[in-house]
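First comes the structure, then the notes that go with it.
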2 protein chains.
Amino acid sequence: MKEILSNISITVNNHIYLKNPESSGLGKRILEGSIDLLDELGFEAFTFKRLADRISSTEASVYRYFESKHKLLLYLTSWYWAWTDFRLFISLANIPSPEERLKRAINLLTSPVQKDISITHINEEKLHRIVIAESSKSYLTKEVDEENEEGVFYNYKKLVQRVCDIIFEIDPKYKYPHMLISTVIEGSHHQRFFAEHLPRLTDTSKKEDAIVFFYTDMVFQSLRAKQDKKLKS
Amino acid sequence: MKEILSNISITVNNHIYLKNPESSGLGKRILEGSIDLLDELGFEAFTFKRLADRISSTEASVYRYFESKHKLLLYLTSWYWAWTDFRLFISLANIPSPEERLKRAINLLTSPVQKDISITHINEEKLHRIVIAESSKSYLTKEVDEENEEGVFYNYKKLVQRVCDIIFEIDPKYKYPHMLISTVIEGSHHQRFFAEHLPRLTDTSKKEDAIVFFYTDMVFQSLRAKQDKKLKS
DNA sequence: GCAAAAAAGATAGTAAAACTATTATATTTG
DNA sequence: CAAATATAATAGTTTTACTATCTTTTTTGC
(Lines give C-alpha, C1' and ligand atoms only; values in the text may rest on other atoms or scores of the structure.)
Protein backbone atom coordinates (compact mmCIF):
# COMPACT_ATOMS: atom_id res chain seq x y z
CA MET A 1 0.00 0.00 0.00
CA LYS A 2 2.90 2.30 0.85
CA GLU A 3 4.23 2.10 -2.73
CA ILE A 4 1.02 2.76 -4.53
CA LEU A 5 -0.01 5.63 -2.32
CA SER A 6 3.28 7.40 -1.85
CA ASN A 7 2.00 10.41 -3.74
CA ILE A 8 -1.23 10.95 -1.90
CA SER A 9 -1.32 12.84 1.33
CA ILE A 10 -3.79 13.53 4.05
CA THR A 11 -4.75 17.15 4.52
CA VAL A 12 -5.88 18.80 7.70
CA ASN A 13 -7.58 22.18 8.08
CA ASN A 14 -4.90 24.86 8.37
CA HIS A 15 -6.56 26.60 11.29
CA ILE A 16 -5.39 23.70 13.42
CA TYR A 17 -1.66 24.33 13.10
CA LEU A 18 0.64 27.35 13.00
CA LYS A 19 3.08 25.67 10.66
CA ASN A 20 2.27 22.51 8.74
CA PRO A 21 3.99 19.64 10.55
CA GLU A 22 4.13 17.66 7.31
CA SER A 23 6.36 20.36 5.82
CA SER A 24 9.54 19.56 7.72
CA GLY A 25 11.55 16.90 9.48
CA LEU A 26 10.96 18.44 12.87
CA GLY A 27 7.23 18.62 12.14
CA LYS A 28 7.15 14.91 11.40
CA ARG A 29 9.12 14.14 14.54
CA ILE A 30 6.54 16.16 16.47
CA LEU A 31 3.74 14.04 15.02
CA GLU A 32 5.51 10.75 15.61
CA GLY A 33 6.67 11.73 19.08
CA SER A 34 3.30 13.04 20.14
CA ILE A 35 1.58 9.84 19.05
CA ASP A 36 4.04 7.79 21.09
CA LEU A 37 3.74 10.02 24.14
CA LEU A 38 -0.03 10.49 24.04
CA ASP A 39 -0.40 6.73 23.84
CA GLU A 40 1.96 6.24 26.78
CA LEU A 41 0.90 9.07 29.08
CA GLY A 42 -2.60 10.08 28.03
CA PHE A 43 -3.66 13.62 27.17
CA GLU A 44 -3.63 14.98 30.72
CA ALA A 45 -0.02 14.07 31.51
CA PHE A 46 1.22 14.92 28.02
CA THR A 47 3.14 18.23 27.81
CA PHE A 48 5.12 20.03 25.13
CA LYS A 49 8.12 19.96 27.45
CA ARG A 50 8.03 16.16 27.63
CA LEU A 51 7.43 15.92 23.89
CA ALA A 52 10.40 18.19 23.18
CA ASP A 53 12.66 16.09 25.42
CA ARG A 54 11.48 12.90 23.74
CA ILE A 55 12.25 14.13 20.23
CA SER A 56 15.40 16.01 21.31
CA SER A 57 14.04 19.40 20.46
CA THR A 58 12.79 22.31 22.53
CA GLU A 59 9.46 23.45 23.87
CA ALA A 60 9.70 26.72 21.93
CA SER A 61 10.19 24.82 18.68
CA VAL A 62 7.08 22.71 19.25
CA TYR A 63 5.09 25.88 19.91
CA ARG A 64 6.02 27.08 16.41
CA TYR A 65 3.92 24.24 15.01
CA PHE A 66 0.99 24.07 17.40
CA GLU A 67 -0.37 26.74 19.65
CA SER A 68 -1.41 24.24 22.32
CA LYS A 69 -1.63 20.54 23.06
CA HIS A 70 -5.34 20.81 22.40
CA LYS A 71 -4.65 21.92 18.82
CA LEU A 72 -2.18 19.08 18.41
CA LEU A 73 -4.85 16.60 19.52
CA LEU A 74 -7.24 18.23 17.06
CA TYR A 75 -4.65 17.74 14.34
CA LEU A 76 -4.17 14.07 15.11
CA THR A 77 -7.87 13.28 15.29
CA SER A 78 -8.59 15.26 12.14
CA TRP A 79 -5.79 13.39 10.39
CA TYR A 80 -7.32 10.14 11.63
CA TRP A 81 -10.75 10.98 10.21
CA ALA A 82 -9.27 11.95 6.84
CA TRP A 83 -7.26 8.73 6.79
CA THR A 84 -10.33 6.71 7.74
CA ASP A 85 -12.38 8.45 5.07
CA PHE A 86 -9.70 7.63 2.52
CA ARG A 87 -9.59 3.97 3.53
CA LEU A 88 -13.36 3.90 3.39
CA PHE A 89 -13.35 5.34 -0.10
CA ILE A 90 -11.03 2.56 -1.25
CA SER A 91 -12.94 -0.14 0.61
CA LEU A 92 -16.18 0.86 -1.10
CA ALA A 93 -14.84 1.35 -4.62
CA ASN A 94 -16.53 -0.73 -7.26
CA ILE A 95 -18.99 -2.37 -4.88
CA PRO A 96 -22.38 -1.90 -6.56
CA SER A 97 -24.71 -3.01 -3.75
CA PRO A 98 -25.39 -0.23 -1.23
CA GLU A 99 -26.16 -2.85 1.45
CA GLU A 100 -22.78 -4.42 0.90
CA ARG A 101 -21.12 -1.01 0.94
CA LEU A 102 -22.85 -0.13 4.19
CA LYS A 103 -21.75 -3.39 5.72
CA ARG A 104 -18.17 -2.75 4.69
CA ALA A 105 -18.34 0.80 6.02
CA ILE A 106 -19.57 -0.32 9.45
CA ASN A 107 -16.91 -2.96 9.49
CA LEU A 108 -14.17 -0.45 8.79
CA LEU A 109 -15.50 2.05 11.32
CA THR A 110 -15.83 -0.44 14.16
CA SER A 111 -12.87 -2.79 13.60
CA PRO A 112 -9.51 -2.45 15.31
CA VAL A 113 -6.81 -0.86 13.15
CA GLN A 114 -4.11 -3.27 12.05
CA LYS A 115 -0.47 -2.37 11.87
CA ASP A 116 0.07 -3.34 8.24
CA ILE A 117 -2.17 -0.73 6.69
CA SER A 118 0.18 2.14 7.47
CA ILE A 119 0.76 4.54 4.60
CA THR A 120 3.05 7.06 6.26
CA HIS A 121 5.40 7.83 9.11
CA ILE A 122 2.32 7.88 11.36
CA ASN A 123 1.73 4.84 13.55
CA GLU A 124 -1.97 4.30 12.87
CA GLU A 125 -2.38 1.57 15.45
CA LYS A 126 -1.27 3.87 18.24
CA LEU A 127 -3.25 6.71 16.72
CA HIS A 128 -6.36 4.55 16.82
CA ARG A 129 -5.87 3.98 20.55
CA ILE A 130 -5.44 7.73 21.02
CA VAL A 131 -8.62 8.42 19.07
CA ILE A 132 -10.52 5.92 21.23
CA ALA A 133 -9.33 7.36 24.52
CA GLU A 134 -8.89 11.05 23.72
CA SER A 135 -10.81 12.19 20.66
CA SER A 136 -13.99 13.17 22.46
CA LYS A 137 -11.89 15.63 24.48
CA SER A 138 -11.18 17.45 21.23
CA TYR A 139 -14.78 18.66 20.95
CA LEU A 140 -16.19 18.41 24.48
CA THR A 141 -14.93 21.90 25.29
CA LYS A 142 -16.32 25.40 25.65
CA GLU A 143 -14.43 26.45 22.49
CA VAL A 144 -16.26 23.94 20.28
CA ASP A 145 -18.52 26.47 18.51
CA GLU A 146 -15.68 28.82 17.66
CA GLU A 147 -13.50 25.99 16.42
CA ASN A 148 -16.33 24.43 14.51
CA GLU A 149 -16.79 27.70 12.62
CA GLU A 150 -13.14 27.54 11.63
CA GLY A 151 -13.87 24.15 10.11
CA VAL A 152 -11.66 22.02 12.31
CA PHE A 153 -14.25 19.23 12.52
CA TYR A 154 -14.80 19.08 8.77
CA ASN A 155 -12.99 15.77 8.27
CA TYR A 156 -15.18 14.05 10.84
CA LYS A 157 -18.40 15.43 9.35
CA LYS A 158 -17.30 14.46 5.87
CA LEU A 159 -16.71 10.88 6.94
CA VAL A 160 -20.12 10.69 8.62
CA GLN A 161 -21.73 12.18 5.53
CA ARG A 162 -20.13 9.64 3.24
CA VAL A 163 -21.77 6.81 5.14
CA CYS A 164 -25.07 8.69 5.35
CA ASP A 165 -25.07 8.85 1.56
CA ILE A 166 -25.10 5.06 1.44
CA ILE A 167 -28.00 4.93 3.87
CA PHE A 168 -29.84 7.37 1.64
CA GLU A 169 -29.41 4.97 -1.28
CA ILE A 170 -30.84 2.13 0.77
CA ASP A 171 -33.68 4.11 2.30
CA PRO A 172 -34.15 7.75 1.31
CA LYS A 173 -36.93 8.04 3.88
CA TYR A 174 -34.81 7.04 6.87
CA LYS A 175 -34.84 10.01 9.20
CA TYR A 176 -31.80 9.57 11.42
CA PRO A 177 -28.78 8.59 9.33
CA HIS A 178 -26.35 10.99 11.02
CA MET A 179 -27.47 9.94 14.46
CA LEU A 180 -27.11 6.32 13.47
CA ILE A 181 -23.60 6.69 12.08
CA SER A 182 -22.18 8.97 14.75
CA THR A 183 -23.63 6.54 17.30
CA VAL A 184 -21.78 3.72 15.57
CA ILE A 185 -18.46 5.57 15.47
CA GLU A 186 -18.50 7.02 18.96
CA GLY A 187 -20.18 3.95 20.37
CA SER A 188 -17.71 1.45 19.00
CA HIS A 189 -14.82 3.51 20.35
CA HIS A 190 -16.42 3.61 23.77
CA GLN A 191 -17.07 -0.11 23.68
CA ARG A 192 -13.41 -0.83 22.86
CA PHE A 193 -12.41 1.30 25.82
CA PHE A 194 -14.95 -0.40 28.09
CA ALA A 195 -13.83 -3.85 26.96
CA GLU A 196 -10.36 -3.05 28.18
CA HIS A 197 -11.09 -0.99 31.29
CA LEU A 198 -14.73 -1.20 32.37
CA PRO A 199 -15.85 -4.64 31.17
CA ARG A 200 -19.12 -4.55 33.09
CA LEU A 201 -20.33 -1.83 30.75
CA THR A 202 -19.97 -4.05 27.72
CA ASP A 203 -20.23 -7.69 26.63
CA THR A 204 -16.91 -9.12 25.69
CA SER A 205 -16.49 -12.39 23.95
CA LYS A 206 -12.97 -12.91 22.81
CA LYS A 207 -13.82 -15.38 20.05
CA GLU A 208 -15.65 -13.25 17.54
CA ASP A 209 -15.55 -9.49 17.39
CA ALA A 210 -18.70 -8.65 19.29
CA ILE A 211 -18.34 -4.93 18.65
CA VAL A 212 -18.34 -5.20 14.88
CA PHE A 213 -21.19 -7.69 15.00
CA PHE A 214 -23.27 -5.62 17.41
CA TYR A 215 -23.07 -2.37 15.46
CA THR A 216 -23.59 -4.04 12.10
CA ASP A 217 -26.70 -5.68 13.45
CA MET A 218 -27.82 -2.47 15.09
CA VAL A 219 -27.60 -0.51 11.85
CA PHE A 220 -29.33 -3.09 9.70
CA GLN A 221 -32.07 -3.69 12.23
CA SER A 222 -32.64 0.05 12.56
CA LEU A 223 -32.92 0.36 8.80
CA ARG A 224 -35.06 -2.74 8.36
CA ALA A 225 -37.53 -1.10 10.68
CA LYS A 226 -38.10 1.62 8.15
CA GLN A 227 -38.12 -0.52 5.02
CA ASP A 228 -38.61 -4.17 4.27
CA LYS A 229 -36.02 -5.04 1.70
CA LYS A 230 -33.99 -8.22 2.00
CA LEU A 231 -30.54 -7.54 3.38
CA LYS A 232 -27.41 -9.56 3.08
CA SER A 233 -26.45 -9.04 6.71
CA MET B 1 -41.38 15.03 45.32
CA LYS B 2 -39.20 17.05 47.66
CA GLU B 3 -41.59 16.38 50.57
CA ILE B 4 -41.97 12.69 50.13
CA LEU B 5 -38.31 11.99 49.61
CA SER B 6 -36.78 14.31 52.15
CA ASN B 7 -35.45 11.35 54.10
CA ILE B 8 -33.74 9.52 51.33
CA SER B 9 -30.26 10.42 50.24
CA ILE B 10 -27.94 9.58 47.43
CA THR B 11 -24.71 7.85 48.38
CA VAL B 12 -21.44 8.02 46.57
CA ASN B 13 -18.42 5.75 47.03
CA ASN B 14 -16.24 7.12 49.81
CA HIS B 15 -13.01 6.69 47.87
CA ILE B 16 -14.10 9.67 45.79
CA TYR B 17 -13.98 12.26 48.55
CA LEU B 18 -11.76 13.04 51.52
CA LYS B 19 -14.64 14.37 53.57
CA ASN B 20 -18.27 13.80 52.69
CA PRO B 21 -19.55 17.03 51.15
CA GLU B 22 -23.10 16.15 52.22
CA SER B 23 -21.98 16.28 55.85
CA SER B 24 -21.61 20.05 56.17
CA GLY B 25 -22.76 23.41 54.94
CA LEU B 26 -19.46 24.15 53.28
CA GLY B 27 -19.58 20.75 51.57
CA LYS B 28 -22.97 21.54 50.12
CA ARG B 29 -21.79 24.95 48.96
CA ILE B 30 -18.88 23.21 47.24
CA LEU B 31 -21.31 20.95 45.40
CA GLU B 32 -23.65 23.75 44.44
CA GLY B 33 -20.85 26.10 43.47
CA SER B 34 -19.00 23.50 41.45
CA ILE B 35 -22.13 22.65 39.48
CA ASP B 36 -22.66 26.32 38.67
CA LEU B 37 -19.04 26.88 37.71
CA LEU B 38 -18.53 23.68 35.75
CA ASP B 39 -21.62 24.51 33.76
CA GLU B 40 -20.36 28.04 33.10
CA LEU B 41 -16.66 27.43 32.49
CA GLY B 42 -16.31 23.78 31.53
CA PHE B 43 -13.97 21.32 33.21
CA GLU B 44 -10.74 22.69 31.71
CA ALA B 45 -11.16 26.26 32.93
CA PHE B 46 -12.66 25.21 36.27
CA THR B 47 -10.26 25.54 39.21
CA PHE B 48 -10.55 25.16 42.98
CA LYS B 49 -9.34 28.76 43.30
CA ARG B 50 -12.24 30.04 41.22
CA LEU B 51 -14.66 27.75 43.06
CA ALA B 52 -13.42 29.01 46.43
CA ASP B 53 -13.86 32.62 45.34
CA ARG B 54 -17.37 31.89 44.07
CA ILE B 55 -18.52 30.33 47.34
CA SER B 56 -16.53 32.77 49.52
CA SER B 57 -14.27 30.12 50.94
CA THR B 58 -10.64 29.22 50.36
CA GLU B 59 -8.77 26.84 48.10
CA ALA B 60 -7.35 24.99 51.10
CA SER B 61 -10.84 24.39 52.45
CA VAL B 62 -12.03 22.88 49.17
CA TYR B 63 -9.00 20.58 49.18
CA ARG B 64 -10.17 19.18 52.51
CA TYR B 65 -13.19 17.72 50.68
CA PHE B 66 -11.74 16.64 47.34
CA GLU B 67 -8.18 15.82 46.47
CA SER B 68 -8.52 17.16 42.91
CA LYS B 69 -11.03 18.57 40.48
CA HIS B 70 -11.01 15.19 38.79
CA LYS B 71 -12.31 13.58 41.99
CA LEU B 72 -14.95 16.27 42.28
CA LEU B 73 -16.12 15.52 38.74
CA LEU B 74 -16.18 11.85 39.65
CA TYR B 75 -18.34 12.70 42.65
CA LEU B 76 -20.84 14.68 40.61
CA THR B 77 -21.16 12.07 37.88
CA SER B 78 -21.43 9.27 40.40
CA TRP B 79 -24.13 11.23 42.22
CA TYR B 80 -25.90 11.71 38.91
CA TRP B 81 -25.91 7.97 38.16
CA ALA B 82 -27.24 7.15 41.61
CA TRP B 83 -29.94 9.77 41.23
CA THR B 84 -30.84 8.46 37.78
CA ASP B 85 -30.94 4.92 39.09
CA PHE B 86 -33.25 6.05 41.85
CA ARG B 87 -35.58 7.85 39.45
CA LEU B 88 -35.53 4.78 37.25
CA PHE B 89 -36.47 2.57 40.15
CA ILE B 90 -39.50 4.74 40.84
CA SER B 91 -40.44 5.03 37.20
CA LEU B 92 -40.50 1.25 36.83
CA ALA B 93 -42.27 0.40 40.07
CA ASN B 94 -45.45 -1.61 39.64
CA ILE B 95 -45.19 -1.84 35.87
CA PRO B 96 -45.61 -5.52 35.12
CA SER B 97 -44.73 -5.62 31.42
CA PRO B 98 -40.98 -5.81 30.85
CA GLU B 99 -41.41 -4.22 27.41
CA GLU B 100 -43.18 -1.27 28.97
CA ARG B 101 -40.51 -1.05 31.68
CA LEU B 102 -37.77 -1.07 29.06
CA LYS B 103 -39.53 1.64 27.12
CA ARG B 104 -39.80 3.78 30.23
CA ALA B 105 -36.17 3.15 31.08
CA ILE B 106 -34.93 4.25 27.64
CA ASN B 107 -37.16 7.27 27.88
CA LEU B 108 -35.73 8.26 31.22
CA LEU B 109 -32.13 7.68 30.12
CA THR B 110 -32.39 9.67 26.91
CA SER B 111 -34.75 12.53 27.83
CA PRO B 112 -33.65 15.95 28.96
CA VAL B 113 -33.81 16.51 32.72
CA GLN B 114 -36.52 18.91 33.80
CA LYS B 115 -36.10 21.42 36.55
CA ASP B 116 -39.07 20.34 38.61
CA ILE B 117 -37.81 16.90 39.56
CA SER B 118 -35.18 18.24 41.92
CA ILE B 119 -35.02 16.46 45.25
CA THR B 120 -32.13 18.31 46.88
CA HIS B 121 -29.91 21.35 46.92
CA ILE B 122 -28.35 20.01 43.69
CA ASN B 123 -29.43 21.65 40.46
CA GLU B 124 -30.09 18.53 38.41
CA GLU B 125 -30.68 20.40 35.17
CA LYS B 126 -27.23 21.93 35.26
CA LEU B 127 -25.78 18.65 36.45
CA HIS B 128 -27.29 16.93 33.44
CA ARG B 129 -25.52 19.38 31.13
CA ILE B 130 -22.27 18.73 32.98
CA VAL B 131 -22.73 14.99 32.63
CA ILE B 132 -23.34 15.39 28.89
CA ALA B 133 -20.27 17.52 28.30
CA GLU B 134 -17.83 16.25 30.91
CA SER B 135 -18.67 12.80 32.24
CA SER B 136 -16.63 10.86 29.71
CA LYS B 137 -13.56 12.74 30.95
CA SER B 138 -14.10 11.06 34.30
CA TYR B 139 -13.12 7.66 32.94
CA LEU B 140 -11.12 8.39 29.77
CA THR B 141 -7.91 8.65 31.79
CA LYS B 142 -4.84 6.57 32.50
CA GLU B 143 -6.00 6.14 36.11
CA VAL B 144 -9.23 4.39 35.13
CA ASP B 145 -8.17 0.86 36.14
CA GLU B 146 -6.93 1.92 39.55
CA GLU B 147 -10.05 3.97 40.22
CA ASN B 148 -12.31 1.25 38.91
CA GLU B 149 -10.81 -1.14 41.47
CA GLU B 150 -11.71 1.34 44.18
CA GLY B 151 -15.29 1.09 42.98
CA VAL B 152 -15.79 4.67 41.86
CA PHE B 153 -17.77 3.62 38.78
CA TYR B 154 -20.10 1.35 40.71
CA ASN B 155 -23.14 3.63 40.42
CA TYR B 156 -22.86 3.75 36.65
CA LYS B 157 -22.48 -0.02 36.36
CA LYS B 158 -25.40 -0.58 38.68
CA LEU B 159 -27.66 1.60 36.56
CA VAL B 160 -26.63 -0.20 33.39
CA GLN B 161 -27.20 -3.55 35.09
CA ARG B 162 -30.68 -2.58 36.19
CA VAL B 163 -31.73 -2.01 32.60
CA CYS B 164 -29.92 -5.15 31.46
CA ASP B 165 -32.06 -7.13 33.87
CA ILE B 166 -35.16 -5.96 32.02
CA ILE B 167 -33.65 -7.00 28.72
CA PHE B 168 -32.96 -10.40 30.23
CA GLU B 169 -36.64 -10.73 31.10
CA ILE B 170 -37.60 -9.92 27.53
CA ASP B 171 -34.97 -12.06 25.88
CA PRO B 172 -32.63 -14.12 28.04
CA LYS B 173 -30.72 -15.12 24.92
CA TYR B 174 -29.84 -11.63 23.82
CA LYS B 175 -26.05 -11.45 23.86
CA TYR B 176 -25.24 -7.75 24.09
CA PRO B 177 -27.43 -6.07 26.70
CA HIS B 178 -24.62 -4.07 28.31
CA MET B 179 -23.33 -2.88 24.97
CA LEU B 180 -26.83 -1.89 23.98
CA ILE B 181 -27.55 0.08 27.13
CA SER B 182 -24.19 1.80 27.47
CA THR B 183 -24.53 2.74 23.79
CA VAL B 184 -27.93 4.26 24.55
CA ILE B 185 -26.67 6.25 27.53
CA GLU B 186 -23.41 7.52 26.08
CA GLY B 187 -24.93 7.89 22.64
CA SER B 188 -27.88 9.98 23.73
CA HIS B 189 -25.57 12.29 25.67
CA HIS B 190 -23.36 12.71 22.63
CA GLN B 191 -26.36 13.39 20.40
CA ARG B 192 -27.59 16.12 22.74
CA PHE B 193 -24.17 17.72 22.58
CA PHE B 194 -24.03 17.40 18.80
CA ALA B 195 -27.52 18.86 18.42
CA GLU B 196 -26.31 21.98 20.15
CA HIS B 197 -22.77 22.30 18.83
CA LEU B 198 -22.12 20.00 15.87
CA PRO B 199 -25.52 19.63 14.21
CA ARG B 200 -24.15 17.95 11.09
CA LEU B 201 -23.31 14.92 13.19
CA THR B 202 -26.93 14.38 14.18
CA ASP B 203 -30.47 14.83 12.87
CA THR B 204 -32.35 17.48 14.73
CA SER B 205 -36.02 18.00 14.42
CA LYS B 206 -37.31 20.42 16.97
CA LYS B 207 -40.90 19.15 16.95
CA GLU B 208 -40.62 15.71 18.49
CA ASP B 209 -37.68 14.51 20.51
CA ALA B 210 -35.72 12.68 17.86
CA ILE B 211 -33.15 11.41 20.33
CA VAL B 212 -35.65 9.59 22.54
CA PHE B 213 -37.40 8.19 19.52
CA PHE B 214 -34.21 7.08 17.81
CA TYR B 215 -32.79 5.18 20.79
CA THR B 216 -36.12 3.61 21.72
CA ASP B 217 -36.48 2.36 18.20
CA MET B 218 -32.86 1.23 18.11
CA VAL B 219 -33.24 -0.86 21.25
CA PHE B 220 -36.51 -2.50 20.26
CA GLN B 221 -35.34 -3.21 16.75
CA SER B 222 -32.12 -4.73 18.07
CA LEU B 223 -34.12 -6.95 20.39
CA ARG B 224 -36.74 -7.89 17.80
CA ALA B 225 -33.87 -9.20 15.75
CA LYS B 226 -33.24 -11.84 18.36
CA GLN B 227 -36.82 -12.69 19.23
CA ASP B 228 -40.17 -12.26 17.61
CA LYS B 229 -42.53 -11.19 20.34
CA LYS B 230 -45.01 -8.41 19.76
CA LEU B 231 -43.79 -5.14 21.22
CA LYS B 232 -45.70 -2.10 22.27
CA SER B 233 -43.16 0.34 20.82
C1' DG C 1 -22.29 26.47 79.63
C1' DC C 2 -17.74 25.17 78.96
C1' DA C 3 -13.64 22.64 77.44
C1' DA C 4 -11.90 19.89 73.88
C1' DA C 5 -12.05 18.71 69.35
C1' DA C 6 -12.95 19.53 64.78
C1' DA C 7 -13.76 22.56 60.91
C1' DA C 8 -12.90 26.50 58.38
C1' DG C 9 -10.31 30.67 57.20
C1' DA C 10 -6.09 33.27 56.23
C1' DT C 11 -1.86 33.24 54.44
C1' DA C 12 2.24 31.61 52.38
C1' DG C 13 4.79 28.77 49.68
C1' DT C 14 6.33 25.10 45.96
C1' DA C 15 6.59 22.55 41.60
C1' DA C 16 5.11 22.09 37.35
C1' DA C 17 2.40 23.52 33.25
C1' DA C 18 1.56 26.54 29.70
C1' DC C 19 3.05 29.61 27.57
C1' DT C 20 6.28 34.17 25.45
C1' DA C 21 10.58 36.47 24.33
C1' DT C 22 15.36 36.89 22.93
C1' DT C 23 19.43 35.71 20.97
C1' DA C 24 22.52 32.49 18.75
C1' DT C 25 23.37 28.89 15.53
C1' DA C 26 22.23 25.95 11.86
C1' DT C 27 19.98 24.94 7.42
C1' DT C 28 17.70 25.98 3.26
C1' DT C 29 16.98 28.48 -1.02
C1' DG C 30 17.27 31.82 -4.72
C1' DC D 1 27.40 32.69 -1.26
C1' DA D 2 24.13 35.88 0.87
C1' DA D 3 19.74 36.32 2.64
C1' DA D 4 16.06 34.24 4.57
C1' DT D 5 14.21 30.94 7.41
C1' DA D 6 14.17 27.30 10.84
C1' DT D 7 15.76 25.49 14.98
C1' DA D 8 18.17 25.46 19.44
C1' DA D 9 19.35 27.37 23.83
C1' DT D 10 18.09 29.91 27.44
C1' DA D 11 15.38 32.64 30.39
C1' DG D 12 11.39 34.51 32.03
C1' DT D 13 6.02 35.09 33.26
C1' DT D 14 1.60 33.68 34.70
C1' DT D 15 -1.42 30.26 36.16
C1' DT D 16 -2.56 25.82 38.04
C1' DA D 17 -2.45 22.38 41.29
C1' DC D 18 -1.33 21.51 45.06
C1' DT D 19 0.87 21.44 50.58
C1' DA D 20 1.84 23.52 55.04
C1' DT D 21 1.05 26.24 59.01
C1' DC D 22 -1.23 28.91 62.05
C1' DT D 23 -5.38 31.30 63.77
C1' DT D 24 -10.18 31.76 64.43
C1' DT D 25 -14.72 29.90 64.50
C1' DT D 26 -18.03 26.27 65.15
C1' DT D 27 -19.52 21.95 66.91
C1' DT D 28 -20.02 18.38 70.46
C1' DG D 29 -20.00 15.79 74.52
C1' DC D 30 -20.20 16.20 79.22
Side-chain angles (χ1 to χ4, degrees), chain A residues 14-34 36-38 40-76 121 134 137-138 141-143 146-147, chain B residues 14-34 36-38 40-76 121 134 137-138 141-143 146-147:
Chain A
N14 60 16
H15 283 97
I16 297 179
Y17 51 77
L18 297 170
K19 177 193 279 209
N20 190 343
E22 292 286 355
S23 70
S24 72
L26 178 60
K28 283 171 189 156
R29 276 157 59 215
I30 289 173
L31 297 181
E32 274 189 70
S34 63
D36 288 346
L37 264 189
L38 279 168
E40 282 172 40
L41 306 176
F43 187 68
E44 284 72 26
F46 173 89
T47 67
F48 278 3
K49 182 74 185 50
R50 281 196 249 265
L51 172 58
D53 289 349
R54 171 69 64 107
I55 63 177
S56 304
S57 180
T58 64
E59 224 184 330
S61 296
V62 177
Y63 273 105
R64 276 188 210 101
Y65 285 84
F66 293 102
E67 84 193 38
S68 65
K69 70 173 179 173
H70 172 252
K71 286 287 171 80
L72 174 50
L73 177 64
L74 225 37
Y75 183 96
L76 294 176
H121 52 102
E134 320 289 358
K137 298 170 193 168
S138 74
T141 69
K142 289 287 176 188
E143 294 77 32
E146 228 174 293
E147 292 180 340
Chain B
N14 59 16
H15 284 97
I16 296 179
Y17 51 76
L18 297 169
K19 177 192 279 206
N20 190 344
E22 292 286 355
S23 70
S24 73
L26 178 59
K28 283 169 188 156
R29 277 158 59 218
I30 289 172
L31 297 181
E32 275 189 72
S34 63
D36 288 346
L37 265 191
L38 278 168
E40 282 172 38
L41 305 176
F43 187 68
E44 285 71 27
F46 173 89
T47 67
F48 277 3
K49 183 73 185 49
R50 281 195 249 264
L51 171 58
D53 290 349
R54 171 68 64 104
I55 63 177
S56 305
S57 180
T58 63
E59 225 184 328
S61 295
V62 177
Y63 274 104
R64 283 192 199 100
Y65 285 83
F66 293 102
E67 82 191 41
S68 64
K69 70 172 179 173
H70 171 251
K71 286 286 170 81
L72 174 51
L73 177 63
L74 225 37
Y75 183 94
L76 294 176
H121 51 101
E134 320 290 358
K137 298 171 193 167
S138 74
T141 69
K142 288 287 176 187
E143 294 77 34
E146 229 173 292
E147 291 180 342

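Bear in mind the structure is a predicted one, so any value in this text is a computation, not a measurement. Letters A, B, ... mirror the listed sequences (proteins, then strands); counts begin at 1.
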Is the shortest side-chain N/O distance from A/Arg64 to OP1 or OP2 of D/dT5 below 4.0 Å? no
Counting the atoms with a prime plus P, OP1 and OP2 as sugar-phosphate, which does A/Lys19 contact under 4.0 Å by heavy atoms, base, sugar-phosphate, or nothing? sugar-phosphate
NA contact type, B/Lys49, heavy-atom cut-off 4.0 Å: base, sugar-phosphate, or nothing? nothing
So, does B/Ser57 get its side chain near the phosphate of C/dA8, meaning an N or O under 4.0 Å from OP1 or OP2? no
By the 4.0 Å heavy-atom rule, please label B/Thr47 as base, sugar-phosphate, or nothing. sugar-phosphate
Residues, nucleotides or ligands: over 12 heavy atoms within 6.0 Å of B/Lys49 NZ: no
Is the shortest distance from a Lys or Arg side-chain nitrogen in B/Glu40 or B/Arg54 to a carboxylate oxygen in the other one below 4.0 Å? yes
Do the side-chain N or O atoms of A/Ser24 get closer than 4.0 angstrom to the phosphate oxygens (OP1, OP2) of D/dT7? yes
Euclidean distance, atom CZ of residue A/Phe48 to atom C1' of C/dT20 [Å, nearest integer]: 14 Å
Rounded to whole angstroms, how far apart are CZ on B/Arg29 and P on C/dA8? 9 Å
What is the separation between atom OH on A/Tyr63 and atom P on C/dT22, rounded to the nearest whole Å? 17 Å
Would you say B/Tyr65 places a side-chain N or O within less than 4.0 Å of OP1 or OP2 belonging to C/dA7? no
A/Leu51 atom CG is separated from C/dA18 atom C1', nearest whole Å, by 14 Å
Could you state the CD-C1' distance from B/Glu44 to D/dA17, rounded to the nearest angstrom? 15 Å
Heavy-atom donor-acceptor pair, B/Glu59 side-chain to D/dC18 base, under 3.5 Å: yes
Is any side-chain N of the basic residue among A/Lys137 and B/Glu44 closer than 4.0 Å to the acidic one's carboxylate O? no
Please report, rounded to the nearest Å, how far the P atom of C/dA15 is from the CZ atom of A/Arg50. 16 Å
Specify the residue among A/Ala45 and A/Ala60 whose closest nucleotide of DNA chain C lies further upstream toward the 5′ end. A/Ala45
Spacing between B/Asn20 atom CG and C/dA7 atom P, to the nearest angstrom: 12 Å
When the distance from CG of B/Leu18 to C1' of D/dT19 is rounded to whole Å, what number comes out? 13 Å
Shortest non-hydrogen pair, A/Leu41 vs A/Arg50, comes out as CD1-CD, 3.7 Å
Whether A/Lys69 engages the ring of A/Phe48 as a cation-pi pair (distance to the six-membered ring centre under 6.0 angstrom, angle to the ring normal within 45°) should be assessed. no
